[in-house]
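Predicted model, so just to flag it, every value in this text is computed and none were measured. Ligands are counted one by one from 1 in listed order, and the atoms in each one are counted from 1 as well.
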Amino acid sequence: MSAFQTAIVPAAGLGTRFLPTTKAVPKELLPVVDTPGIELVATEAAEAGATKLVIVTSPGKDAVAEYFRPQPELEATLEERGKADLLAKVRRAPNLLTVETAIQDKALGLGHAVACAEGNLTGADDAVAVLLPDDLVLPTGVLSKMAAVREKLGGSVLCAFDIPKEQISAYGVFDVKDTGDDDVKQVVGMVEKPKPEDAPSTFAAAGRYLLDRSIFDALKRITPGAGGELQLTDAIALLINEGHPVHVVVHRGGRHDLGNPGGFLKAAVDFALEHPDYGPELGEWLRARLAGS
Ligand code: UTP
């Protein structure tokens, strides 16, 4: 049995960095080659043992949940035409896990979005995973390591990247203590976007969280923080101050930020270069393009 059954994916933000596209298309559905980012993240959650995905969405963003519903007419057409490969792709997302939605009426912050999913939990949910669909953490598997740390040390477990000090100001940074395991640190505090000289460590927060259910109580007790929004990190800081164990798993891998066009393009190129159908030609074109021909 996994340390969690439910994964929450907050997808109710405004997506302003992707305007004008996000006037009509949720950024979570933009394709990384041919697959929306939210399917990649749902696959990661399912691989780590989640059986239920709660997508927090806003009133105009039904298409995100719709993407996970079966499409019997399309499936029948593809079957008639003998398109087995396409049929498998179409069926992939609906078969991953059970998908439910929670509505966040107004984008009041990530903490508020997570709190909106509380009504979707059952008595069996002692902990929940939260995955930000903007953040691709590669290779996948860090959630399983985080679950193992919760089993051993209890409490909540977050994911961190070791970032060069000169780049640290772009991130939420953990203040940590060693645990004897180089890849697991105890969190004693967090600082948002510090100057390099003020940063308490080089461990930066990534968009993967395994949160003890007590986070929902903490979310009710915080007040709006940076940007007037209810911040998830403020609720985590409250739990740390109250002596609740919080650890990070340091992920030694790569990541892509799908939340802005520059990061999204890098992810698309990275995935396309690995794709047997598109990789060789794209690589050739890129080389020629960069050589100026
Ligand atoms: P971001 O800040 O990256 O997303 O939030 P955003 O607000 O949609 O993007 P910009 O800054 O306007 O371009 C991280 C994740 O949290 C969700 C977002 O949908 C995104 O997946 N989120 C954020 C919510 O669900 N609700 C909120 O109130 C804020």
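Atom numbering of ligand 1 starts at 1 in the shown order; those under 4.0 Å from a heavy atom of A113 are 24 (C), 25 (O), 26 (N). The K27 neighbourhood of ligand 1 comprises atoms 3 (O), 4 (O), 6 (P), 8 (O), 9 (O), with distances under 4.0 Å to a heavy atom of that residue. Near L110, with a cut-off below 4.0 Å to any heavy atom, the atoms of ligand 1 are 16 (O), 29 (C).
With hydrogens and angles disregarded, a donor-acceptor distance shorter than 3.5 Å links the side chain of K52 to the backbone of N120.
Closest to atom 5 (O) of ligand 1 among all protein heavy atoms lies D134 OD2, 4.4 Å. The protein atom (non-hydrogen) at minimum distance from atom 22 (N) of ligand 1 is G13 N, 3.7 Å. In this structure, the protein non-hydrogen atom closest to atom 2 (O) of ligand 1 is R17 NH2, 4.1 Å. Here the protein heavy atom with the shortest distance to atom 8 (O) of ligand 1 is G15 N, 2.8 Å.
Residue-level proximity to ligand 1 for Q104 is carried by the side chain, the only part with a heavy atom below 4.0 angstrom. Of all the heavy atoms of E28, the ones lying under 4.0 Å from any atom of ligand 1 belong exclusively to the side chain.
The one candidate from R92, R69, R91 that meets the salt bridge (Lys or Arg N to Asp or Glu O under 4.0 Å) condition with E75 is R91.
Using a 3.5 Å distance cut-off with no hydrogens or angles, the side chains of S156 and H244 do pair a donor with an acceptor.
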